[in-house]
Amino acid sequence: MKHFAGERRRARELAVQVLFHLEYSDDDPSEAFRLICENFEVAESITDFSWQLIRGVCDKKTTLDKVIRRSSKHWRLERMTRLDRSILRLATYEVMFLEDIPPRVSLDEAVEIGNKFGGEDSSRYINGVLDNVYNTMGAEIDAEIDLGAETISIEPKESDNTGNGDMKYNPLELEPRWQAHWEKQGLFKAEEDPLKEKYYLLEMFPYPSGKIHIGHVRNYTIGDVVARYKRMCGKNVLHPMGWDAFGMPAENAAIENNTHPARWTYDNIDAMRIQLKRMGFSYDWDRELATCDPEYYRWEQLVFLQMYEKGLAYRKKTHVNWCEKCQTVLANEQVEEGCCWRHPEQEVSIKEMNSWFLKITDYADDMLAYCEKLPGWPDRVMSMQKNWIGKSHGAAIRFPMVGAEDAIEVFTTRQDTLFGATFMCLAPEHPMVKEIIKGLPQEKEVFDFVDRTLKMDSFMRTADFTAKEGVFTGRHCLNPVTREEIPIFVANFVLFDYGTGAIMAVPTHDQRDFEFARKYGLKLRVVIKPEDSDLDETKMTEAYVDQGILVNSGPFNGQRNLAALDSIADYLENKGIGHKTVNFRIRDWGISRQRYWGAPIPMIHCEKCGIVPVPEKDLPVVLPLDLELRPNGGSPLPFEPSFFETTCPKCNGNARRETDTMDTFVESSWYFDRYACPDYKEGPLDAKRVDYWLPVDQYIGGIEHAILHLLYSRFYTRVLNDLGHISIKEPFTHLLTQGMVCKATQECPEHGYLFPKEVVEGRCSRCGAEVIDGNIVKMSKSKKNVVDPQELIDRYGADTVRMFCLFASPPDKDLEWSEQGVDGSYRFLQRVWRLVSDHLEDLKKVTAHDGGPELTEPVKSVHRKTHETIKKVTSDIENRFHFNTAISAVMELVNETNQFLNADGQKDAVDWSVVRKAIETAILLLSPLVPHITDELWQMLGHKDFLLNVSWPTYHEAALITEKKLIILQVNGKVRNRIEVSASSSDKELEALALADEKIQRFLKGKSIKRVIVVQKKLVNVVV
RNA sequence: GCGAGAGUGGCGGAACUGGUAGACGCGCUGGAUUUAGGAUCCAGUGGGGUGACCUGUAGGGGUUCGAGUCCCCUCUCUCGCACCA
């Protein structure tokens, strides 16, 4: 569950452009570097992925050094060094700060690591560690650390003094205590209870990368608030957590660290589980699952078999790059100048290879239709999904070959322009290309063109700057309506993947066709003209793409082109030339991965019997753990006889196991179902429990999964439905896509991006230059603007971190991280704490006021505020997840209560019980957001229950009623005065009061009153 | 190019069906207390003006007694898709 599609694409685009220039500019790479330099900000903002790629490109092409040396002649030196530095910096950063150093280190360890680096870096690093130790422990450190040349001495820090120690707010002590308490009581366990209304709340499960990042914290905090709130509202809440545990990073990390992916993954899971528990999230850990567990993926294998049986899983040949030396498929990015990136002497061949696909296209229409039936999803996501499915209505039309029996079929949405189709273009991959050029003089030219085009990186091929090129095949086909012979081209811009891989070209009404026709001197014919003028094809400078009247179109002349779409399609159908059809952009889901760390595809290849499914009784096909990874990163499975050697279940002969594994998105397409019955042994899903819990009522996660994960899950749920495993079709009723966490970057003109620790009083700690505050961007390693949540928890406690995540902005918007903001949250919690602890004795003497005798001001206003706050907070959480406004409402209540208490005058028992009600309300309302401090305060007030088991407070209408109302007085819509009147005043009385008002009188002088508008109990507007 | 969303103080952000623009917080200014504070408390804080007042929600039009909110146009930004036939 990572990766951001857009970023990746942009990264690739840039890298491809660079590669392009490196390839096509002979010995002068300066153009490529100009590109990088000019797009410097873009490049950096694209995250480390782009850097890896660009670095990769540079390394592969020639060493970076060489390129810089050579290009510095052609380009400004200064820019080069900046780029150079950035890359070096990134590399250093990755090595120094991310890989070698565990998240928290002791002083001794810090010294050891520091000494390893030596010099300036070491002292800076150690200072950073000391800062942390300081802040987290408040400890008295008195140490001298020897760093060879330098000696750092640390002064002991005075401990805080606010008086009575035991009453101080100490989150670091009380939070773990409550967490242990909750766990011991099994507070978060969810059990099926048909009598209670269920509520299934789910956050997207994390990839176990090793430690949680701030995005996780935000995501899971939002979810936890909703889970706890619903629970207090009496719902039977399911709130599980698990691990998206298969995937590439584990393989890479394992090779680098000489460990095993399983070991690495499970260690990370253990570390992250501790962190999540430390945040106080209310997960039912009994339902925890990891997708790399055979007890999980065995059911996925079973479903795969069932899909195979129904024809929903199939094997298909596709064009891929193949390196003989590596014996593996290469991604387009791994092909360089037509050669393997690891074996420059080995030419890559284009191979048609078999891969497994899931038939998502079968469900495209249904998923599209349901887009309208999911009002709980954000429009943004829905439109992305619709876009991705890409349904378009049009016609399939057959163009008969000249001099042959067969025909070429095209798909078009513009059958109205058919009479203007003057040539045809095929995609280079189109199987007919080979056939029709056989024996012609053009054969070699066409073949070379196809070969050249296919070897191009797909991004390069489809990039804007790549020229639209084609080559004439020497053959013609018939335009089926004009019966005119039209030439057939092969063109690089025709997508084999979309439609039929062939297009009819209408140069007069399609800009791209127009340019192509002009380039190759092809015929044009106008078939649509504007209503009030004529078009001359010889004089056109661009295609006419607007609507108009059909001309040169036989029986359809004179009709409006859009209106004729249908009748033309019918005409084609009657003549047997074509038919109406729908085309989808979405392709079947290719799930084969030549990777090790994934779920094996449960299939067997037998020479005699072909593809044979593994019998159900032999499941799971377990991924062997006791084998050596290959140093080059390829999958070891095809080299592991103990894995692939097997016997055919049909003929018992020798057979070979499928060694591809499944795309990890398959695992994440149904984990939410399995949470309902993680221990079920009889099948993938226990219908009874799954029917109780599913669908997920509220799903929360990042927008980056708007397409892939969510689309796959919707598809997979439909499959499970068809296979009878589940009775729902749509897995997620409501979806909340939370925004990203961003932070300003800090940059030194000399040294580039800086860590906060490298900035001293606004200056770079290395060169003393003034630091520039950069843009506010998504947190990323390469920007050095990441915040480690663990550091924050250790410093402020989990409640403060949760509070800030919720308060800084509404969940669906981006959140800008600010240190002061965190301080502010911490201060607020302390204020709440003191509100209780400072008045504990008085509060303990009374019970919370609930109704009771008539109150008088000012305590009445505290009472009213209490109920107003309940109303506001409840609606903010319930209706729109606006926790920021909910928090500000509680802040207002706390402030008002404080003010009341600070005001002069004796407080009697009634006053205190109203105050107690206000305080208890604040605690209750805050409890889903900051569960630790509130449970502690609740207990301090003498309660025994966990707040999670206390009912959510309700407000009394009666308490909201006021005797006085503030009325706005306007003249011509402008506010002129505000007056307090009795709430029972009638409209007439209000009007009279307004007109009599002194200020209003001033504005009425010398003018005649046209009209007076009275809005009930709100406002009077006098129009003059 | 197509599709979606957004534009409000120094900043994050409030403003429910049109009805006090700037809630709450951060920052800043002044004051109190303190050995000190990155602690706490009080006051102030959109801009202009001594003032009454004027002005202000990207820009321009419109509807309305009244528009941040509704309608039209323009601009800017973000996101997604993109040689889609």
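Order of the sequence lines sets the chain letters (A, B, ...), proteins ahead of strands, with each chain counted from 1.
In this structure, A:R827 does not reach the B:C41 phosphate: none of its side-chain N or O atoms is under 4.0 Å from OP1 or OP2. Taking only side-chain nitrogens and oxygens, A:R831 never comes nearer than 4.0 Å to OP1 or OP2 of B:C24. For the OP1/OP2 pair of B:C84 and a distance below 4.0 Å, the side-chain nitrogens and oxygens of A:R512 include at least one atom meeting the criterion. Taking 4.0 angstrom as the limit, A:N895 places a side-chain polar atom (N or O) nearer than this to OP1 or OP2 of B:G25. Side-chain nitrogen and oxygen atoms of A:N902 include none within less than 4.0 Å of the OP1 or OP2 phosphate oxygen of B:C41. For B:A14, the OP1/OP2 oxygens have no side-chain nitrogen or oxygen of A:R880 closer than 4.0 Å.
Atom name C1', nucleotides B:U45 and B:G10: the rounded distance is 11 Å, in whole Å. Taking atom P in both B:A52 and B:U8, the straight-line distance is 29 Å, to the nearest Å. For B:G13 and B:A4, the P atoms lie 24 Å apart once the distance is rounded to whole Å. Nucleotides B:G60 and B:G80 are separated by 30 Å at their C1' atoms, to the nearest Å. Taking the C1' atoms as reference points, B:G68 lies 11 Å from B:G22, given to the whole Å.
The nearest heavy atom of RNA chain B to A:Y498 and to A:V1023 marks one nucleotide each, and the one closer to the 5' end goes with A:V1023. Each of A:D823 and A:S392 was matched to the nucleotide of RNA chain B holding its nearest heavy atom; the match closer to the 5' end belongs to A:D823.
With hydrogens and angles ignored, a donor-acceptor pair closer than 3.5 Å exists between the side chain of A:Q970 and the base of B:G19.
No side-chain heavy atom of A:L969 sits less than 4.5 Å from a side-chain heavy atom of A:V975.
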- Between A:L522 and A:F514, is a side-chain contact (heavy atoms from CB on, under 4.5 Å) present by the stated rule, with each step listed? CA-CA 9 Å; A:L522 299 165; A:F514 181 85; over 6 Å; no
- Task: Output, in order, the C-alpha distance, side-chain angles, deciding distance and verdict of salt bridge (Lys or Arg N to Asp or Glu O under 4.0 Å) for A:D997 and A:K999.
- Result: CA-CA 6 Å; A:D997 185 79; A:K999 279 199 179 172; over 6 Å; no
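Among the heavy atoms of the strands lying under 4.0 Å from A:T412 are primed sugar atoms or P, OP1, OP2 only; no base atom is included. Using a 4.0 Å heavy-atom distance criterion, A:L966 is classed as a base contact.
Close placement of the A:F516 and A:F423 rings is indicated, their centers lying within 6.0 Å of each other.
Nearest heavy atom pair, residue A:N479 against residue A:A421, reads ND2-O, 3.0 Å.
Searching all strands for a Watson-Crick or G-U wobble partner of B:A43 with both distances below 3.5 Å returns B:U29. Pair check for B:U69 finds none; no Watson-Crick or G-U wobble contact set falls under 3.5 Å.
Using a 4.0 Å cut-off between charged nitrogen and carboxylate oxygen, A:K865 and A:E892 count as a salt-bridge pair.
A cation-pi arrangement, defined by a distance under 6.0 Å to the six-membered ring centre and an angle within 45 degrees of its axis, is present between A:R714 and A:W377.
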Tabulated below should be each protein N or O lying under 3.5 Å from an N or O of nucleotides 2-12 of chain B; please produce it.
from  : atom 1 : to     : atom 2 : distance (Å)
B:G12 : O2'    : A:A808 : O      : 2.6

